[in-house]
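Okay, so here's the structure we're looking at.
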Number of protein chains: 2
Amino acid sequence: MRRKKESSEIKKEIINAARHLFLEEGYQNVSMRKIANKIGYSPTAIYIYFKNKEEILLNLLEEGYNLFYDDLKLAYDSSLNNSYEVRLFKMCEAYIHFGLKQPDYYNIIFTMNMEMNTLLITHSNRYNGFLLLNEVVKDLIQENAFVVNNYELEQPDIYVSNTIWASLHGLTSLLIAFPQFNWGEQDRLIQFHIQTIIQGLKI
Amino acid sequence: MRRKKESSEIKKEIINAARHLFLEEGYQNVSMRKIANKIGYSPTAIYIYFKNKEEILLNLLEEGYNLFYDDLKLAYDSSLNNSYEVRLFKMCEAYIHFGLKQPDYYNIIFTMNMEMNTLLITHSNRYNGFLLLNEVVKDLIQENAFVVNNYELEQPDIYVSNTIWASLHGLTSLLIAFPQFNWGEQDRLIQFHIQTIIQGLKI
DNA sequence: TTATTTAAGTTAACAGCGTTAACTTAACAC
DNA sequence: GTGTTAAGTTAACGCTGTTAACTTAAATAA
């Protein structure tokens with residue numbers, strides 16, 4: 001029995017159902033049958049619209065990228081009147097808070113390692129939160145706020161933004177994975193952490 | 001047909017087979033049937049020695065902890081004649097290198113989040129690499145190398161060691177998960193990263 | 001209008017999974 | 001020799017992702 005809905009509409013239905021289930025129960029614990037049941041189709045119908053289960057996840061991955069970008073862009077825009085350093089600080093805060101607010105999206109993007117993910121991070125140049133971070137880093141290097149010359153690096157901005165990214169990812173992923181751990185006061189730790197990185201780059 | 005082997009010996013056989021398979025193909029891609037096949041038993045025989053698949057992983061988790069501790073202890077001991085700061089640097093290096101040398105063990109410990117894992121990290125006080133890192137941090141705070149007083153924190157050592165751990169974990173896990181990414185020159189990045197954190201804590 | 005093609009969705013099935021229950025068999029104690 | 005216990009087996013349950021074969025309804029062509 002063919003439905004009257006458009007193909008793209010059903011695709012959306014599938015993604016919506018999958019998002020709810022994935023974010024609620026985790027990717028591994030959601031079966032195609034569960035998704036199909038939620039939208040009132042047979043399990044195999046999904047394969048008309050998606051190659052396999054991972055391709056559904058890939059759509060959510062892109063969604064996650066956009067949400068991530070939105071949060072970083074907001075921090076970027078709302079600090080147009082501030083110094084580059086304050087802007088960087090606010091973007092770092094936005095990064096960590098995104099992870100804490102959307103832990104499942106965060107895990108999809110940064111801790112579930114799929115083959116295509118690297119490509120997306122590296123090459124997708126629209127709506128890329130990384131490039132936004134990178135811009136601020138370049139600004140800071142250009143005005144000599146970060147003294148990276150001592151290291152005689154060929155592309156210092158790469159090392160700076162990678163070290164920032166790594167530090168942010170470290171704290172974010174650990175706060176998500178081990179919430180029970182003795183982190184001290186979480187907000188203070190986040191402030192301390194970001195302050196430490198930026199200070200370390202300044203000298 | 002009962003075997004003449006001791007119960008503990010078969011347990012070891014299972015763990016050995018599981019380790020090889022897990023580290024080669026990843027936990028999710030190894031089935032009980034594969035493990036059983038490798039040691040020449042029926043799949044259900046494993047359940048005599050282990051409650052379930054996760055309990056086998058838990059044994060490897062402990063193995064991983066010990067290997068991790070060994071590497072950090074070695075860095076600690078081999079820097080007895082150096083300053084605390086150099087010691088911290090070498091231990092940070094040892095941390096990251098452990099992750100790169102044993103990515104699967106590293107993932108079992110720090111990125112596969114199991115419920116029991118947090119408990120292990122926090123409470124097991126023997127052979128705990130964290131406590132070793134924490135000691136050096138305390139030494140550095142005590143000799144005022146780290147100026148943490150500005151922050152008016154109740155337990156500054158917790159914030160310092162957590163920020164160090166988070167930064168190290170961030171770089172390590174990202175290098176493992178996205179080897180294709182444009183990291184620059186990996187060894188230089190590692191040096192730069194550690195230097196940045198330590199410098200950031202000093203001021 | 002009728003016939004044919006095409007797309008959408010179904011059912012049945014495959015091969016695999018972790019795990020349990022029921023059964024067999026070998027080793028040991030009395 | 002008998003009874004007991006532990007070690008290991010086979011069969012099976014209820015899942016999983018995915019494929020192949022089939023149905024059915026809509027769109028198109030004659």
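Just so we're on the same page: letters track the sequence lines, and every chain starts at 1. Quantities reported herein were computed from a predicted structural model and do not represent experimental measurements. Just so you know, these numbers use all the heavy atoms, side chains as well, and skip hydrogens, waters and symmetry mates.
- Nucleotide C:dA7 holds its C1' atom 15 Å from the NZ atom of A:K11, rounded to whole Å.
- With sequence neighbours left out, the side chain to side chain donor-acceptor pair (under 3.5 Å) criterion links A:S83 to no other residue.
- Between the P atom of C:dC17 and the CD1 atom of B:I35 lies a distance of 10 Å, rounded to the nearest Å.
- In this structure B:I15 satisfies the side chain to side chain contact (heavy atoms under 4.5 Å, CB included) test together with B:R19, B:F50, B:N59, B:L60, B:E63, sequence neighbours excluded.
- Looking at residues two or more places apart in sequence or on another chain, you find a ring pair (Phe, Tyr, Trp, His ring centres under 6.0 Å) between B:F22 and B:Y27.
- A:Q102 pairs by the side chain to side chain donor-acceptor pair (under 3.5 Å) definition with nothing, not counting sequence neighbours.
- Recorded end-axis angle for the helix from C:dT1-D:dA30 to C:dC30-D:dG1 stands at 20°, based on five pairs per end and rounded to 10 degrees.
- Between the C1' atom of C:dC17 and the CD atom of B:E54 lies a distance of 16 Å, rounded to the nearest Å.
- Per the geometry, CD1 belonging to A:I46 stands 14 Å off P belonging to C:dT11, to the nearest Å.
- Counting only heavy atoms from C-beta outward, the side chains of A:L61 and A:Y65 approach each other to under 4.5 Å.
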Can you check nucleotides 11-14 of chain D for protein contacts, nitrogen or oxygen pairs under 3.5 Å, and list what you find?
none

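- Take A:N82 and apply the side chain to side chain contact (heavy atoms under 4.5 Å, CB included) test, not counting sequence neighbours, and it matches A:S79, A:V86, A:K90.
- For A:Y159, there are no side chain to side chain donor-acceptor pair (under 3.5 Å) partners, not counting sequence neighbours.
- Of the listed nucleotides (C:dG18, D:dG17, C:dG9), D:dG17 has the atom at the smallest distance from the side chain of A:K53.
- For DNA chain D, the neighbouring residues in residues 20-31 of chain A, judged by any heavy atom under 4.0 Å, are A:V30, A:S31.
- As a whole-Å value, the separation of A:E9 CD from C:dA8 P is 13 Å.
- Residue B:M32 contributes atom CE, which lies 17 Å from atom C1' of D:dT10 at whole-angstrom precision.
- In this structure, B:K38 has no side chain to side chain donor-acceptor pair (under 3.5 Å) partners at least two apart in sequence or on a different chain.
- Out of D:dG8, C:dA8, C:dG18, the shortest distance to the side chain of B:Y49 is found at D:dG8.
- Residues that satisfy the ring pair (Phe, Tyr, Trp, His ring centres under 6.0 Å) test with B:F89, not counting sequence neighbours, are absent from this structure.
- B:F50 comes within contact range of no nucleotide atom at all, as no heavy-atom separation falls under 4.0 Å.
- In this structure, the ring pair (Phe, Tyr, Trp, His ring centres under 6.0 Å) partners of A:F98, at least two apart in sequence or on a different chain, are A:F68.
- Across the protein-nucleic acid pair, A:K51 atom NZ and D:dT19 atom C1' stand 15 Å apart, rounded to whole Å.
- When the C1' atom of C:dT24 is taken as reference, atom CD1 of B:I48 falls 12 Å away, rounded to whole Å.
- Of the possible polar contacts, one joining the B:K34 side chain to the B:N29 backbone as a donor-acceptor pair under 3.5 Å is found.
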